Amino acid sequence: MKIPAKLSNYIGGKFVAPHTKQYFDNPNPSTGKLLCKIPDSDKRDVAKAVAAAEKAFPAWSKLSPPKRFKILNDIAEGILTNLDALAKAESMDSGKPLWLSKSVDIPRAHQNFQFFATAQMQFSTGAHHMREEAINYTLRQPIGVVGCISPWNLPLYLFTWKIAPALAVGNCVVAKPSEITPCTAYLLGQICEKAGLPPGVLNIIQGNGQNAGQAIVEHPKVKAISFTGGTATGARIASLAAPKFKKLSLELGGKNPNIIFADCDFNKMVKTSVGSSFGNNGQICLCGSRIYIEEKIYDKFKRAFLKQVKTLKVGDPLNVKSNLGALSSAGHLEKILNHIEIAKEEGAKVLTGGKQIKLGGKFSKGSYMEPTVLEGLDINCRTNQEEIFGPVVTLTPFKTEAAALKMANGTNYGLSATIWTSDLNRAHRMAEKLEAGIVWVNCWLKRDLRTPFGGVKNSGVGREGGWEAMRFFTEAKNVCVAYGE
Ligand code: NAD
């Protein structure tokens, strides 16, 4: 399994060129060199994909759960069989370390298919009995053709997180990966073909957001959109989909607080905080970019945290010794460096990092950056309010629990929050009051695929995960049968 020089779309079970016959470049961010060409698809390709999906829908939606399980589980197994090739493709495409793709991204893509293959065997609906009058029961029916659009930070991981539940409950899908990281989505098409997924059940369209992505959102036959990406893109998609009354699930940006109390398990907290700050170069929507520390341990935390951050090695993503690889693109590096300049203008003290890293040899045109820790900023400044989505965190002290809560809730975002404390009462009290869709207490990024996943405020609308995803991808219909007379 290899990345070809030119990727294709996967429509109706065939690998096809885009209608325009035009392609654009996909550079490897660790070297700056061309990795492959991406089809510049537009609404004509999307129309073909929707037609193929509509054709496949009657048979796929009626397939028995055990038969659907077999195919979806074979896709899961196909991902596992090709783990090494997929992990390498993911690292070359996104700049993330190979060890990370191997241990997190690709195993999770496998789990996504495995989880929803089995979940659809257990999915059930409710009944409401009106005594001696009638019985209501609920049908959960697949929607038809649905659209799934995903970002570049966890490419195959998030692509499959949407596609697997959509397919599991009987929909046919038109999906688009990010144009920054298109490779593993292309390879997934090959795995689906081998697993015997009927043609048209999953269609993968490559291309940019304005042409290919928007065409999926605007197509009248696409009845639901599951989107993960930036908040501004989410707002644009909502404005297009709402007047057409499409179902929408929006998983958007974050600016997550990491709240540290003096009574926490200090060593565990510092180690985890390095990961929650700089994991995947800070390019995880759940990273804790605003670190709030109880004043009495502020200096102790700063010393211990900086000591560990300074040991992080940034380098070739394929080298096992690299803790951090390249950023996802040259454009993203530029955006983050610009944020550092803004932070300095706002009065930030740079405790470590802040600069681009220039590696030699074949990596000289790669997009590398130092992990950066800032302090001395006002909580309302741009650096503490805007999502930077890179290896940049700010440190801010607090005196009381109330002050920490106010600061934590003081942005327009509300994706996740982390609390470090050994006071159980405080943990529950804070968890209830934090404006976030996900709260971690004394841990970070622990994920159970059955739990609801999503954000509040500008971090999104709706929830993914477990039954939530399966409910999103189905329409509920109540049937009321009177029998009283
Ligand atoms: P993005 O919004 O630029 O792009 C995401 C996807 O949307 C891409 O596939 C893109 O091609 C497509 N797109 C762009 N414009 C479109 C349009 N007008 N119509 C339809 N599709 C369009 O986001 P990104 O830069 O790829 O990803 C980073 C963002 O994603 C960050 O804000 C991050 O926080 C967020 N994110 C959120 C979660 C979550 O679960 N909440 C998870 C991962 C990433």
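Remember, it's a predicted structure, so these values are computed and weren't measured experimentally. Both ligands and their constituent atoms are indexed starting at 1 by order of listing.
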[X]: numbered ligand 1 atoms lying under 4.0 Å from its heavy atoms:
X      : answer
Phe453 : 40 (O)
Thr228 : 5 (C), 36 (N), 37 (C), 38 (C), 39 (C), 40 (O), 42 (C), 43 (C), 44 (C)
Trp152 : 24 (P), 25 (O), 26 (O), 27 (O)
Ile237 : 19 (N), 20 (C), 21 (N)
Leu158 : 42 (C), 43 (C)

Backbone, side chain, both or neither: what part of [X] comes under 4.0 angstrom of ligand 1, heavy atoms only?
X      : value
Asn153 : side chain
Leu252 : backbone
Glu387 : side chain
Ile284 : neither

Quick one: does Pro177 get within less than 4.0 Å of ligand 1, heavy atoms only?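 Judged by the 4.0 Å heavy-atom criterion, Pro177 does count as contacting ligand 1.
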Name the option, out of [options], that contains the heavy atom nearest to [atom].
atom                    : options                        : value
atom 29 (C) of ligand 1 : Cys148, Gly230, Pro182, Cys287 : Gly230
atom 19 (N) of ligand 1 : Lys335, Gln214, Lys176         : Gln214
atom 1 (P) of ligand 1  : Leu415, Thr233, Leu240         : Thr233

So does [Y] get a backbone contact from the side chain of [X], meaning a donor-acceptor N/O pair under 3.5 Å?
X      : Y      : answer
Thr118 : Phe115 : yes
Lys96  : Asp93  : no
Asn280 : Gly282 : no
Thr411 : Gln385 : no
Gln206 : Pro182 : yes

Would you mind checking which non-hydrogen protein atom is closest to [atom], with the distance to 0.1 Å?
atom                    : result
atom 11 (O) of ligand 1 : Glu179 OE1, 2.6 Å
atom 9 (O) of ligand 1  : Ser150 O, 2.8 Å
atom 28 (C) of ligand 1 : Phe389 CE2, 3.6 Å
atom 12 (C) of ligand 1 : Ile149 CG2, 3.7 Å
atom 38 (C) of ligand 1 : Cys285 SG, 3.1 Å
atom 21 (N) of ligand 1 : Gly213 CA, 3.6 Å
atom 13 (N) of ligand 1 : Gly209 CA, 3.4 Å
atom 35 (C) of ligand 1 : Gly229 O, 3.2 Å

Scan the protein's non-hydrogen atoms and note whether one is under 4.0 Å from atom 4 (O) of ligand 1.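 It does not; no protein heavy atom is within 4.0 Å.
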Can you find a heavy atom in the side chain of Ile291 that is under 4.5 Å from one in the side chain of Ile293?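 With C-beta onward as the side chain, the pair touches.
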Pairwise side-chain contact, Phe57 with Pro142, heavy-atom cut-off 4.5 Å (strictly under):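 Yes, their side chains come closer than 4.5 Å.
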Rounded distance [0.5 Å steps], CD1 in Ile3 versus CG in Leu35: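 One gets 4.5 Å once the value is rounded to the nearest 0.5 Å.
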For Thr160, the option from Asn112, Asp105, Thr184 that meets side chain to side chain donor-acceptor pair (under 3.5 Å):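 Going through the options one by one, the only one that passes is Asn112.
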May I ask you to establish whether [X] and [Y] are in a cation-pi arrangement, using a distance under 6.0 Å from NZ or CZ to the six-membered ring centre and at most 45° from the ring axis?
X      : Y      : result
Lys358 : Tyr368 : no
Lys457 : Tyr413 : no
Arg450 : Trp467 : no

Is the closest basic N to carboxylate O distance between Lys162 and Glu464 below 4.0 Å?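 Yes, Lys162 and Glu464 are salt-bridged.
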